[in-house]
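The basis for the numbers below is simple: all heavy atoms, side chains too, and nothing from hydrogens, waters or symmetry mates.
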Amino acid sequence: MALGCGVPTPTTTTTRLLLRIGIGKAPPPFNSLPRPAPPRLWYTTVVQASLSATTSDSTNKSNSNSNILDLSDIKGKCQTWKWKGQFSINFFFHPSPMGPSAPPLLLVHGFGASILHWRRNIGILSQSYNVYAIDLLGFGASDKPPGFAYATDSWAQLVLDFLDDIVKIPTVLIGNSLGSLVCVIAASASTSASVESKKQGLIRGLVLLNCAGGMNNKAIVDDWRIKLLFPLFLLIDFLLKQRGIASAIFERVKQRENLRSILLSVYGNKNSVDEDLVEIIKGPAEDEGALDSFVSIVTGPPGPNPVQLIPKLSLPILVLWGDQDPFTPIDGPVGKYFSSLPSQLSNVELFMLEGVGHCPHDDRPQLVHEKLLPWLAALTAS
């Protein structure tokens, strides 16, 4: 189908344009640049994989399979909470056998994920903690309101309101990627003089798994490589704001084999990329409003940066970082900042996880639990 006067189909046009501007492959002018190589941007990976999917013949099961909760069991136990009296937010609660006295944890997923992405962690964590998990607005089974302007500040307010309405006592927040950033912003907001007094002190500690630097890559402006590519981001934003082009890209991205290829590119342990994981990402992408969420998040303002917020926090912070993360590599600006924190701030601990990608908790959960459980035990005992 043509658009306008003899214009090729959106898919063809977008593919050619994206390849030229560096989405499908590195643009020629930058191919000869010295190391370090340009950082791999998350939506670069998404579109590239959507154009040329690869498959994996791995059939071995993860060592932690015995700890995985069944997706249908998680879905069946989810509940709905009305945020601001109008938005339905999906959440999950797994009580500890220790009862109400067990300390609470709140799990906050990353971009494109949901409560289900914590399937490998909830069972172990709930042995000693009351575990809550939430689908942020625009993700999972939560509402995806048309025309909503998604922002990290809004998600942070959602988290604080959830703690106030549902959990009600000081809680440790555990986030991955974008979810980590939301947790940082929520913690910062909870210490603000402008926040309601009842919401102050609701956050007891933070666990950040490969924290994002912003809602999208426009936040990372202090890297010379990003500065060189910044005009291209603006062009990508323009393209994605064209409904036909955005829809064509999104339809390709959410195909099962393309999603598998994307996931394989960001996981260190390829055995963790199973059919359930693909369905965790694909299912919500089929919902009405999912395209609007995708476009709003990619093209919107990046929001607050953790570099601005972390130094103002005095609560305990555990940072876990996968050393094979292509989205936020440890040698990139965000990774370098977080790796420098333990020498600057006494409340921050950091551990590098070998052979782990962007989603450590699902990639190699046993490595995460080895560091997380002792840290939580020490925190709750203090």
Quiz item: Considering only heavy atoms from C-beta outward, does the side chain of Leu367 approach that of Pro360 to under 4.5 Å?
Solution: no
Quiz prompt | salt bridge (Lys or Arg N to Asp or Glu O under 4.0 Å) evaluation trace for Arg364 with Glu354 | solution = CA-CA 9 Å; Arg364 297 188 188 274; Glu354 294 185 8; over 6 Å; no
Practice problem: Would you check if the side chain of Ser314 reaches a backbone N or O of Lys312 as a donor-acceptor pair within less than 3.5 Å? | Solution: no
Practice problem: Taking all non-hydrogen atoms of both residues into account, name the closest pair between Tyr150 and Pro145 and its distance. | Solution: OH-CD, 3.5 Å
Self-check item: ring pair (Phe, Tyr, Trp, His ring centres under 6.0 Å) partners of Tyr267, counting only residues at least two apart
Solution: none
Quiz item: Should the pair Phe111 and Phe294 be assigned to parallel (<30°), tilted (30 to 60°) or perpendicular (>60°) ring geometry?
Solution: tilted
Quiz item: Got a donor-acceptor contact below 3.5 angstrom from the Lys144 side chain to the Ser142 backbone?
Solution: yes
Quiz item: From Trp375 CH2 over to Ile317 CD1, what is the distance, rounded to the nearest 0.5 angstrom?
Solution: 8.0 Å
Quiz item: Shortest non-hydrogen contact from Gly99 to Asn130?
Solution: O-ND2, 3.1 Å
Practice problem: Would you confirm whether Trp155, through its side chain, and Ile185, through its main-chain N or O, come within 3.5 Å as a donor-acceptor pair? | Solution: no
Quiz item: Can you name the closest pair of heavy atoms from Leu315 and Ile203 and give their distance?
Solution: CD2-O, 3.7 Å
Exercise. Answer whether the closest heavy-atom distance between the side chains of Phe338 and Leu208 falls below 4.5 Å.
Key: yes
Practice problem: State which residues pass ring pair (Phe, Tyr, Trp, His ring centres under 6.0 Å) with Phe93; sequence neighbours excluded, sorted by chain then number. | Solution: Tyr132
Quiz item: Roughly how far, to the nearest 0.5 Å, is the CD1 atom of Ile174 from the CG atom of Asn121?
Solution: 8.0 Å
Quiz item: What distance separates Leu173 CG from Ser190 OG, expressed to the nearest 0.5 Å?
Solution: 8.5 Å
Quiz item: Can you name the residues that form a side chain to side chain contact (heavy atoms under 4.5 Å, CB included) with Glu251, not counting sequence neighbours?
Solution: Ser247, Lys254
Self-check item: Side-chain donor or acceptor of Arg119 paired with backbone N/O of Asp276 under 3.5 Å
Solution: no
Quiz prompt | Minimum heavy-atom distance between Ala290 and Ala285, given as atom pair plus value | solution = CB-O, 3.5 Å
Practice problem: Tell me, please, which residues at least two apart from His117 pass ring pair (Phe, Tyr, Trp, His ring centres under 6.0 Å). | Solution: His361
Exercise. Take Tyr129 and Thr380 through the side chain to side chain contact (heavy atoms under 4.5 Å, CB included) test and state the conclusion after the steps.
Key: CA-CA 10 Å; Tyr129 304 92; Thr380 54; 3.7 Å; yes
Practice problem: Verify, without hydrogens or angle tests, whether Asn269 (side chain) and Asp363 (backbone) share a donor-acceptor contact under 3.5 angstrom. | Solution: yes
Quiz prompt | Heavy-atom check, side chain of Glu279 versus side chain of Arg256, under 4.5 Å | solution = yes
Quiz item: Is it true that Arg260 and Glu257 have a side-chain N and a carboxylate O under 4.0 angstrom from each other?
Solution: yes
Practice problem: Answer yes or no: is there a donor N or O on one side and an acceptor on the other, between the side chain of Asp135 and the main chain of Ser114, under 3.5 Å? | Solution: no
Quiz item: Any side-chain heavy atom of Cys211 within less than 4.5 Å of one from Val319?
Solution: no
Quiz item: Looking at side-chain heavy atoms only, is the closest gap between Leu206 and Leu313 below 4.5 Å?
Solution: yes
Quiz item: Distance-only, no hydrogens or angles: does the Ser180 side chain make a donor-acceptor pair with backbone N or O of Gly175 under 3.5 Å?
Solution: yes
Exercise. Step through the shown structure and confirm whether more than 12 heavy atoms of other residues, nucleotides or ligands are within 6.0 Å of CD on Glu288.
Key: no
Practice problem: Decide side chain to side chain contact (heavy atoms under 4.5 Å, CB included) for Trp81 and Asp161; before the verdict, give the C-alpha distance in whole Å, the side-chain angles of both, and the deciding distance to 0.1 Å. | Solution: CA-CA 11 Å; Trp81 165 63; Asp161 290 343; 3.9 Å; yes
Quiz item: Taking only residues at least two apart or on different chains, which pairs with a member in residues 75-92 satisfy salt bridge (charged side-chain N to carboxylate O under 4.0 Å, His left out)?
Solution: none
Self-check item: Contact check, side chains of Ile310 and Val184, non-hydrogen atoms, under 4.5 Å
Solution: yes
Self-check item: Non-hydrogen atoms of Asn90 and Cys78 that approach each other most closely
Solution: OD1-CB, 3.3 Å
Self-check item: Interatomic distance, Ile89 atom CD1 to Thr80 atom OG1 [nearest 0.5 angstrom]
Solution: 9.0 Å
Self-check item: Between CG on residue Asp73 and CG on residue Leu116, distance to nearest 0.5 Å
Solution: 11.0 Å
Self-check item: Val167 vs Leu106 side-chain heavy atoms within contact, under 4.5 Å
Solution: no
Practice problem: Keeping the roles fixed (side chain from Asn305, backbone from Val307), state whether a donor-acceptor pair exists under 3.5 Å. | Solution: yes
Self-check item: Set of residues satisfying side chain to side chain contact (heavy atoms under 4.5 Å, CB included) with respect to Leu373, sequence neighbours excluded
Solution: Ile124, Leu125, His369
Exercise. Heavy atoms only: give me the nearest Met215-Leu181 pair and the separation to one decimal.
Key: N-CD2, 4.0 Å
Exercise. Keeping the roles fixed (side chain from Asp323, backbone from Met352), state whether a donor-acceptor pair exists under 3.5 Å.
Key: no
Quiz item: Quick check: does any side chain N or O of Asn176 sit under 3.5 Å from a backbone N or O of His109, one acting as donor and the other as acceptor?
Solution: no
Quiz prompt | Value rounded to 0.5 Å, distance of CD1 in Ile134 from CH2 in Trp118 | solution = 12.5 Å
